[in-house]
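Data first, discussion second: the structure below is written as structure tokens.
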Amino acid sequence: MATHAHTDDGLPAYRVTEIPDGLATKTMLARQRRRPAPGQPAAGILFYHGNKHTPLYTIADSQAMPALPPGRQAAWTAARTCARCAATNDTPYREIENGRRVCVDCVVTERAAAVWPSWLRLRAAAVGWARDVLIDPDTVLLAAYRLTHWDGPIHVHAATVGGRVLVDVVARSRYDSLWRRPLGPAGSVNADDLVPLLMPLVGRRMVHTIRSSRGHYVDHLTPLGELSTLSQRWDGEPSLRDPSIRQSVEDAFAPRWTDWHARPYQYGPHQRPSYGRFGLRAVDVDGGDAAEVTAAMRAGLARMALDDHPDGPATCPWLPETGRTACGSPDVGTAGLCPAHRPGDAG
Ligand SMILES: [Zn+2]
Ligand SMILES: [Zn+2]
């Protein structure tokens, strides 16, 4: 249908995006508590959803609907007024999970405020963890870095937080040659023969992570788990089963970094921030090989221990009933809220 086509009645026809200022359908008039005057003729026809159509009326010639009873008027207004910032809308705001009707901006604000105290608690816990890790200069940073494909060579680098290198080797599967792939780089070691090289790790606390050259997220894997897999592929018997070399889930670097670094994540300049928790995506800890990953871990631990956060110091995220300004008190401690706003302490 061409713009400004006319119907059989001689009325101009419009699509939804073409409605001129000053014209409205009955539904649009009702949003303003107006309706067509008795006998008011249509001034145009709106076509929508293909072949559906409805008359358009001149708003200036329409009449106001009778006033609502006071109670209903209050409810009508309340449903169209943001409970937080008092913005108004033609149609009612949707009620969100906390029972309030708020505008789209305030949905983000309210949801972020609701989760922020628990994020700050995780952040404080990560700071405490990093300080604890750094107390002992012999604590080991262990990184595995997948150089190529899923069962290809893995670079292993381990150094103390003090900077002493303990392990620096590329491990490969001895089965690589059966698949006619090139073996690992010159100097690489069959994963079956790794155990003696890992002996400097025995009995040490290890902060660990595994990254991939292809940028895959491999946070669910561990360095020693992958090396063990590399050594046992197809013969079923892992040879890296020394219980004296241990990784603790508590000391996995990536989740701690996310705990510390997490904030709402903005996907793009024109998109609203997500209120999900993101960390690693915002700061590069991937590195180009395992040695760069241990260096990134060392730098990350130092920042965590100082709580040198990109968003600045933690502040109390508690929001009053209205307005968009949070409490902001710097006294959040490990509770994620200032003393005045902690549950049970309020009042
Ligand atoms: Zn609002
Ligand atoms: Zn507060």
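Every value quoted in this text rests on a predicted model; they were computed, and no experiment measured them.
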Side-chain donor or acceptor of [X] paired with backbone N/O of [Y] under 3.5 Å:
{"X": "S228", "Y": "L224", "result": "no"}
{"X": "H155", "Y": "A290", "result": "yes"}
{"X": "R33", "Y": "P66", "result": "yes"}
{"X": "R204", "Y": "D138", "result": "yes"}
{"X": "H261", "Y": "H309", "result": "no"}
{"X": "N89", "Y": "P92", "result": "no"}
{"X": "Q40", "Y": "A37", "result": "yes"}
{"X": "R256", "Y": "A126", "result": "no"}
{"X": "R101", "Y": "Y93", "result": "yes"}
{"X": "S248", "Y": "E250", "result": "yes"}

Does the side chain of [X] come under 3.5 Å of the side chain of [Y] through a donor N or O and an acceptor N or O?
{"X": "D259", "Y": "W129", "result": "no"}
{"X": "T109", "Y": "R324", "result": "yes"}
{"X": "E226", "Y": "T222", "result": "no"}
{"X": "S329", "Y": "D331", "result": "no"}
{"X": "R34", "Y": "S62", "result": "yes"}
{"X": "R205", "Y": "T139", "result": "no"}
{"X": "E110", "Y": "N98", "result": "yes"}

SB check [X] [Y] (cutoff 4.0 Å):
{"X": "E97", "Y": "R111", "value": "yes"}
{"X": "R84", "Y": "D105", "value": "no"}
{"X": "R100", "Y": "E95", "value": "no"}

Item to complete: Answer whether the closest heavy-atom distance between the side chains of I45 and T54 falls below 4.5 Å.
Response: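 Counting from C-beta outward, I45 and T54 never come under 4.5 Å.
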Worksheet item: What orientation do W257 and F253 show, parallel under 30°, tilted 30 to 60°, or perpendicular over 60°?
Response: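 Judged by the thresholds at 30° and 60°, the geometry between W257 and F253 is parallel.
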How close do [X] and [Y] get, counting heavy atoms only, and between which atoms?
{"X": "G333", "Y": "R342", "answer": "N-NH2, 4.3 Å"}
{"X": "H157", "Y": "A159", "answer": "CE1-CB, 4.1 Å"}
{"X": "T209", "Y": "P223", "answer": "O-CG, 3.2 Å"}

How long is the straight-line distance from [atom2] of [Y] back to [atom1] of [X], given to the nearest 0.5 Å?
{"X": "H53", "Y": "T25", "atom1": "NE2", "atom2": "OG1", "value": "14.0 Å"}
{"X": "L194", "Y": "R172", "atom1": "CG", "atom2": "CZ", "value": "10.0 Å"}
{"X": "L230", "Y": "I154", "atom1": "CG", "atom2": "CD1", "value": "5.0 Å"}
{"X": "D251", "Y": "D132", "atom1": "CG", "atom2": "CG", "value": "8.5 Å"}

Practice prompt. Please say whether the positively charged group of R121, taken as NZ for Lys or CZ for Arg, lies over the ring of W119, i.e. under 6.0 angstrom from the six-membered ring centre and within 45 degrees of the axis.
Written response: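 Verdict for W119: no cation-pi partner in R121.
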